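Scroll down for the structure; my scribbles are underneath it.
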Amino acid sequence: MTYFEKLSAIRKQMSEQQIDAYIIPSSDPHISEYLPDRFKCIAFVSGFTGSAGTLVITQDFAGLWTDSRYFVQADEQLKSSGFELVKLKTQGTAEYIEWLAERLEPGNTVAFDGKLASVYIAEQLINRLQPRKILINGTVDLLDKIWQDRPELPKERAYILEKELVGATITEKISKVRAAMQKFNASYHLVSSLDDIAWIFNLRGSDVKCNPVVLGFALLEPIKTTLFIDRSKLDQSDKTRLEEQGVAVAEYDTLEEALSQLPAGETVLLDPKRTCYAVYTQIPQYERIIEALNPSTKLKASKNDIEAEHTRQTMVKDGIALTKFFRWLEGRIGKEELTEINIAEKLLTFRKEQEGFVNESFDTIAGYKEHGALPHYKATDESNASLKGEGLLLIDSGGQYTTGTTDITRVISLGATTDAERMDYTLVLKAMIEGSTAIFPKGSKGYQIDAITRKPLWDRLRNYGHGTGHGVGFF
């Protein structure tokens, strides 16, 4: 089916089910940014492959709401799809909700698949649209019927990391989470986010490209912990290790049944931004749900001594790989055919030489000249630029090692540069120095340091449309 045919098929189902607007988020039942193939719904429907966006479909309009990281990419990929690009004014906001509120009439119905929408987004929809007498239906999947050969859930093996790598046992981590639960007076805690599952259970896998995570949920009770996972992914020794540390292993698809059987009157803690609406609605005691950040999110952000030391070792390994790569590149510019694609492949070979290398932490961004200005650029056969002895080359890349994760961005001159290139490079360097050397009081927020970093660019009336920095994690 073409993208136009898919859009038409969705609209036909909307008409049959009396749905006036259908929302497709870029997400999965774990509210992940990076998705298993089965949940790459936006790419299937529209052709857009960015990691952030939302499709909204009505009978007379179809749009993709995304942020400035993806404006150029979306504009190109949406051609001949039937979808228009709607540029977000503020990254990470659900501006399409206000768009719907302005255009829909009382009695209209907005629908979405609750497995793909967070509790946070669903509550925004309900709070904004229901007072206008617009109906909300979070149980509708209009894609499964038209998605021929839809990928199955991944089946790759999962495994437990040793304490020697991560510095704490599963039992120790669960104890810390339970202590945080007590502060909320919560008897139960539901965890849906894959990075939190990975941290709590020292669990790793390859269910998502470049991300060492495993599809799963967890339910922590006062004296019992259950991990919901495809049991066939674990060998018997890992199942035994989990059981020895007080963790019962249940099948991935039995979570909703377990939630429906929770005793009345108990309090459940969950993260509304990391829990899908479909799971949330299976909890019987709505009035006793505490919505807050997962305790494990803060706990895993503070690295223990073993994690910190392993991270330092990993940076050295990755630095060796990059040094070899830049030396290799310097000796070949202007002497042989080099392209964005083949230099990315060469960098991977240098990383593979390092002990403990598992895979890339994301697809390498090798952007020459104007391609370096695209935050999430990935060279294709059509865009693949040949390198010359002039201009700037951006390399944004990273590796997953058993001892940690790296993400390194470097911009290098391949030869003659223009005044504009030198000015931009210098301003970014000044911004980097400002952010890196800023002395800030305890309790400062990231956005405050972000503003300090941007000042040298703002002084020259320049800016960039994305955040400053991000987390890296520990394999």
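Heavy-atom basis, side chains included; hydrogens, waters and symmetry copies ignored. A quick note: this is a predicted structure, and the numbers were derived from the prediction, not measured.
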Does atom [atom1] of [X] have more than 12 heavy-atom neighbours, drawn from other residues, nucleotides or ligands, at distances under 6.0 Å?
X	atom1	value
Arg327	CZ	no
Tyr277	OH	no
Lys233	NZ	yes
Lys369	NZ	yes
Arg460	CZ	no
Lys303	NZ	yes
Tyr120	OH	no
Asp459	CG	yes

Any idea how Trp65 and Trp99 line up, ring-wise: parallel (<30°), tilted (30 to 60°), or perpendicular (>60°)?
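Answer is perpendicular, since the angle exceeds 60°.
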
Given the ring of Tyr464, does Arg454 sit roughly above its face, with NZ or CZ under 6.0 Å from the centre of the six-membered ring and within 45° of the axis?
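Satisfied, under 6.0 Å and within 45°.
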
Tell me whether Lys324 forms a cation-pi arrangement with Phe326, defined as NZ or CZ under 6.0 Å from the six-membered ring centre and within 45 degrees of its axis.
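Judged by the rule (NZ or CZ under 6.0 Å from the ring centre, within 45° of its axis), Lys324 is not positioned above Phe326.
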
Using a distance-only test with no angle check, is there a side-chain donor-acceptor pair under 3.5 angstrom linking [X] and [Y]?
X	Y	answer
Ser193	Asn294	yes
Tyr377	Ser383	yes
Thr364	Asp396	no
Thr417	Arg422	yes

Using modelled atom types only, decide if a donor and an acceptor are shared between the side chain of [X] and the backbone of [Y] within a distance under 3.5 Å.
X	Y	value
Asn384	Glu340	yes
Glu84	Gly63	no
Glu98	Glu95	no
Ser118	Cys276	no
Asn202	Ala168	yes
Ser436	Ile433	no
Thr275	Pro272	no

Phe217 and His30 aromatic centres sub-6.0 Å:
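Yes, ring centres under 6.0 Å apart.
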
Less than 6.0 angstrom separating the ring centers of Phe357 and Tyr401, yes or no?
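Phe357 vs Tyr401: aromatic centres under 6.0 Å.
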
Thinking salt bridges, do Lys115 and Asp253 make one under a 4.0 Å N-O criterion?
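Salt bridge between Lys115 and Asp253, a charged N being under 4.0 Å from a carboxylate O: no.
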
Look at Glu152 together with Lys155 and state whether they make a salt bridge at an N to O cut-off of under 4.0 Å.
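No, no charged N to carboxylate O under 4.0 Å.
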
Do Leu194 and Val214 have side-chain heavy atoms sitting under 4.5 Å apart?
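With C-beta onward as the side chain, the pair stays apart.
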
Of all pairs that satisfy side chain to side chain donor-acceptor pair (under 3.5 Å), the ones with a partner from residues 43-55, not counting sequence neighbours:
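Sorted result for residues 43-55: Glu33-Ser51, Thr49-Gln73, Thr49-Gln77, Ser51-Tyr70.
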
Go through the structure and list residues passing ring-ring contact (aromatic ring centres under 6.0 Å, His included) with Phe71, not counting sequence neighbours.
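Residues passing ring-ring contact (aromatic ring centres under 6.0 Å, His included) with Phe71: none at all.
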
